[in-house]
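Single-structure report; data block below.
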Amino acid sequence: MDDARDAVKSAILAAIRTIPRGQVRGYGEVARLAGLPGRARLVARILSENDDAALPWHRVLRSDGRIAFPERSKGYLEQSRRLKAEGVKVESGRVRGIRAAPTEDEALWGPR
DNA sequence: CGAGTGACCCTAT
DNA sequence: AATAGGGCCACTC
């Protein structure tokens, strides 16, 4: 059974739903909020598999505030459009006004 | 079980 | 600011 996997998916989706309108979060941030530190990639995969139209997936970006899609991609345009519609400023494929707390990630990824 | 891939992240140059 | 290198996780072949 994929109970565990389903639970993880639900947790991630819930975390994404927690993002307030007009604001954005990073994949790693979402993963951490979902109780899955270091599984940012998993979040991305879940999003690719997700089919919930009510899910604000467009509020999920990379840590740099960059959209995780190539500019020519359809998803990029869609996400950019939706973000702008919510009052988020997007320039050159990157969002302004965000700062995904890197300090926490540093503790986890920062190996040194 | 090894190798390849991806809507990722970090450090260093 | 942009590029290069290394790492971690989950899935597929």
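This one's a predicted model, so the numbers in the text were calculated from it and none came from an experiment. Every chain is numbered from 1 and lettered A, B, ... according to where its sequence line falls, protein lines coming before strand lines.
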Could you tell me how far apart A:R41 (CZ) and B:dC10 (P) are, to the nearest whole angstrom? 13 Å
Nearest to the side chain of A:R94 - C:dA2, C:dG7, B:dA7? C:dA2
Rounding to an integer number of angstrom, what distance separates B:dA7 and C:dG6 when you compare their P atoms? 22 Å
For nucleotides 10-13 of chain C, give me every protein contact, N/O to N/O, under 3.5 Å, one pair per line with atom names.
{"unit_1": "C:dA10", "atom_1": "OP1", "unit_2": "A:R39", "atom_2": "NE", "d": "3.4"}

CD on A:E78 to CD1 on A:I67, rounded to 0.5 Å: 11.0 Å
Return the value, rounded to whole Å, for the distance between atom OH of A:Y27 and atom P of C:dC8. 22 Å
note: A:F69, atom CZ; B:dC8, atom P; distance rounded to Å ~ 8 Å
Under 4.5 Å between side-chain heavy atoms, counting indirect links through other Ile/Leu/Val/Met/Phe/Trp/Tyr residues: same cluster for A:I19 and A:L47 or not? yes
Calculate, to the nearest 0.5 Å, the distance between atoms CZ and CZ belonging to A:R66 and A:R94 respectively. 5.5 Å
In terms of heavy-atom contacts, does CZ of A:R17 have more than 12 from other residues, nucleotides or ligands at under 6.0 Å? yes
Using whole Å, what does the distance between atom C1' of nucleotide B:dC8 and atom CD of A:E49 come to? 17 Å
Round to the nearest Å and state the distance from A:I12 atom CD1 to C:dC9 atom C1'. 11 Å
Rounded to whole angstroms, how far apart are CD1 on A:I46 and P on C:dC9? 16 Å
Mind calculating the distance between CZ (A:R66) and P (C:dA2) to the nearest angstrom? 7 Å
Rounded to whole Å, how long is the line connecting atom CG of A:D64 with atom P of B:dC10? 8 Å
